[in-house]
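Shown next, in structure tokens, is the structure this report addresses.
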Amino acid sequence: MPELPEVETVRRGLAAVMEQRRVNKILVCRSDLRRPIPENFVEVLTGRTVVSLHRRAKYLLIKFDDDTVLLIHLGMSGRMVIDQMTENRTKKNTTYPLKAFSKHEHVIFSVGNGTIIRFIDPRRFGLMVLTTASELKCHPLLSSIGPEPLEEEFSGPGLAGSLKGRTMPIKTALLDQRFVAGLGNIYVCESLFKAGLSPRRKAYTVQKKRSVRLVKAIKEVLTQAVAVGGSTIQDHITPSGEIGYFQNQLKVYGLEGAACSVCKIPIKRIVQSGRSTFFCSGCQR
DNA sequence: AGGGGGACCTGTGCGC
DNA sequence: TGCGCACAGGTCCCCC
């Protein structure tokens with residue numbers, strides 16, 4: 001699921017229930033995620049107060065009052081479910097024991113006055129590791145990540161410069177977090193469609209006007225996705241409290257064989273670096 | 001150094 | 001209904 005817009009949506013949802021709240025209790029049901037959850041995880045975080053939530057690429061960063069930072073990646077299948085306990089239930093028993101409801105619930109947090117946050121990740125490609133605010137900049141998981149696409153630092157000339165000499169397809173380059181942060185398979189396909197660029201084009205040929213067009217397309221696609229994700233979250237805070245993932249109006253992703261919305265040619269699916277690419281051979285050159 | 005391929009996991013949906 | 005295979009929105013490590 002989670003590319004930049006989804007992670008940003010999750011960040012906002014979690015910020016609303018976590019910021020300025022104390023971590024009362026943590027239950028780690030499984031610690032063998034992509035990286036093992038550290039031994040001292042529960043000990044370090046219990047009793048801490050959350051100061052703020054941030055996002056870098058597809059990572060969530062949760063800052064605590066003692067300089068500790070919790071780094072979370074949702075992998076392919078990770079999600080956060082927020083369970084706002086009713087006042088009744090809280091009153092009856094404030095030390096209601098934390099309990100997993102499904103076998104893929106790996107970490108459960110109890111924060112503030114009765115909010116339960118469940119990390120669910122069937123494939124266990126996600127991770128949760130601890131670091132500190134001072135070590136954040138040079139943390140190995142973050143240190144080689146490129147510009148944030150929605151920041152000004154991400155520009156046509158900047159992207160063109162980093163693509164110089166790169167013979168890989170532009171599709172592959174955009175998935176590489178060193179060139180631009182936070183894009184995944186869906187938004188790469190959608191951005192290339194919007195920019196009118198073939199996913200097969202060699203990365204180094206994306207220069208000047210093309211790179212400006214591509215950067216503009218990426219920013220537009222992501223901005224729209226974040227906006228819709230934001231509204232989806234409000235509509236979709238269900239009784240169970242699950243955060244709804246944004247459903248975009250996809251133009252090419254997953255639409256093999258469908259008529260292109262612009263030129264009516266059937267959308268193609270090819271495989272690049274072992275992953276599906278969807279594109280319109282009429283619109284994308 | 002750059003780039004390709006497989007590995008890591010589990011679930012789902014399809015064709016037979 | 002059951003089985004096997006292909007595929008899934010992400011990274012990382014190894015090898016050429």
Side-chain angles (χ1 to χ4, degrees), chain A residues 1-11 29-37 55-60 71-80 100 102-107 119-129 139-146 149 161-193 199-205 218 221-222 224-226 228-229 232 243-257 267-279:
Chain A
M1 284 269 167
E3 301 182 31
L4 184 152
E6 289 76 25
V7 178
E8 179 58 25
T9 300
V10 170
R11 185 194 71 76
C29 305
R30 271 196 90 144
S31 53
D32 56 335
L33 306 181
R34 192 173 100 223
R35 300 260 181 117
I37 291 179
R55 181 192 55 74
R56 174 77 174 110
K58 298 168 195 167
Y59 287 92
L60 282 170
L71 218 52
I72 301 176
H73 197 291
L74 300 175
M76 297 263 274
S77 57
R79 57 206 181 96
M80 293 287 185
S102 68
K103 69 169 173 171
H104 297 305
E105 226 168 286
H106 307 312
V107 184
F119 172 67
I120 301 172
D121 184 11
R123 292 175 77 176
R124 305 205 315 281
F125 285 171
L127 63 81
M128 284 199 191
V129 296
H139 194 283
L141 288 173
L142 303 178
S143 59
S144 55
I145 293 176
S162 67
L163 295 178
K164 279 213 174 87
R166 298 296 179 154
T167 57
M168 66 178 77
I170 185 64
K171 158 76 188 311
T172 307
L174 293 180
L175 282 176
D176 188 328
Q177 303 294 297
R178 289 173 302 176
F179 296 110
V180 54
L183 293 185
N185 211 23
I186 292 181
Y187 295 112
V188 166
C189 292
E190 294 297 315
S191 299
L192 286 170
F193 175 76
R200 293 196 268 224
R201 171 181 283 282
K202 303 256 191 201
Y204 66 78
T205 69
I218 290 170
V221 166
L222 293 179
Q224 192 203 343
V226 169
V228 179
T232 300
I243 291 176
Y245 284 114
F246 136 99
Q247 288 283 322
N248 197 5
Q249 297 290 51
L250 301 173
K251 297 280 205 288
V252 286
Y253 186 84
L255 295 175
E256 181 183 14
I267 301 296
K268 283 189 180 160
R269 174 182 174 273
I270 59 173
V271 174
Q272 296 177 288
S273 324
R275 315 196 59 191
S276 290
T277 300
F278 299 89
F279 71 109

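None of the values given here were measured: they were computed from a predicted structure. Sequence lines set the chain letters: A, B, ... in the order given, protein chains first and strands last, and positions in each chain run from 1.
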Residues in salt bridge (charged side-chain N to carboxylate O under 4.0 Å, His left out) contact with A/R166, at least two apart in sequence or another chain: none
Runs of at least three consecutive pairs that involve DNA chain C, where pairs are Watson-Crick or G-U with distances under 3.5 Å: B:2-8 with C:10-16, B:10-16 with C:2-8
Euclidean distance, atom CD of residue A/Q272 to atom C1' of C/dG9 [Å, nearest integer]: 16 Å
Set of residues satisfying side chain to side chain donor-acceptor pair (under 3.5 Å) with respect to A/T172, sequence neighbours excluded: A/S273
Residues forming a ring pair (Phe, Tyr, Trp, His ring centres under 6.0 Å) with A/F278, sequence neighbours excluded: A/Y253
Set of residues satisfying side-chain contact (heavy atoms from CB on, under 4.5 Å) with respect to A/T205, sequence neighbours excluded: A/R201, A/K202
Short side-chain N/O contact to C/dG9 OP1/OP2 from A/Y253, under 4.0 Å: yes
Sugar-phosphate only, base, or nothing, as touched by A/R178 at under 4.0 Å among non-hydrogen atoms: nothing
Reading 5' to 3' through nucleotides 10-16 of chain C, protein heavy-atom contacts under 4.0 Å coded B for base, S for sugar-phosphate only, - for none: BSS----
Sugar-phosphate only, base, or nothing, as touched by A/S77 at under 4.0 Å among non-hydrogen atoms: nothing
Any residue meeting side chain to side chain donor-acceptor pair (under 3.5 Å) with A/S31, in chain and number order, not counting sequence neighbours: none
Contacts of type salt bridge (charged side-chain N to carboxylate O under 4.0 Å, His left out), residue A/R30, not counting sequence neighbours: A/D32
Nearest-angstrom distance, P atom, C/dG9 to B/dG3: 22 Å
Sequence-distant partners of A/R11, salt bridge (charged side-chain N to carboxylate O under 4.0 Å, His left out), two or more places apart: A/E8
A/L222 CG to C/dG9 P, straight-line distance once rounded to whole Å: 17 Å
Sugar-phosphate, base or nothing in reach of A/T167, heavy atoms under 4.0 Å: sugar-phosphate
Partner residues of A/H73 under the ring pair (Phe, Tyr, Trp, His ring centres under 6.0 Å) criterion, sequence neighbours left out: A/Y59
Separation of the P atoms in C/dC14 and B/dC9, to the nearest angstrom: 15 Å
Sequence neighbours excluded, every pair satisfying salt bridge (Lys or Arg N to Asp or Glu O under 4.0 Å) that has a member inside residues 168-186 of chain A: A/D176-A/R178
Distance (rounded to the nearest 0.5 Å) between A/Q177 CD and A/L183 CG: 7.0 Å
Along DNA chain B, first and last positions that approach a heavy atom of chain A under 4.0 Å: B/dG2 to B/dG11
A/I270 and A/F279, any side-chain heavy atoms less than 4.5 Å apart: yes
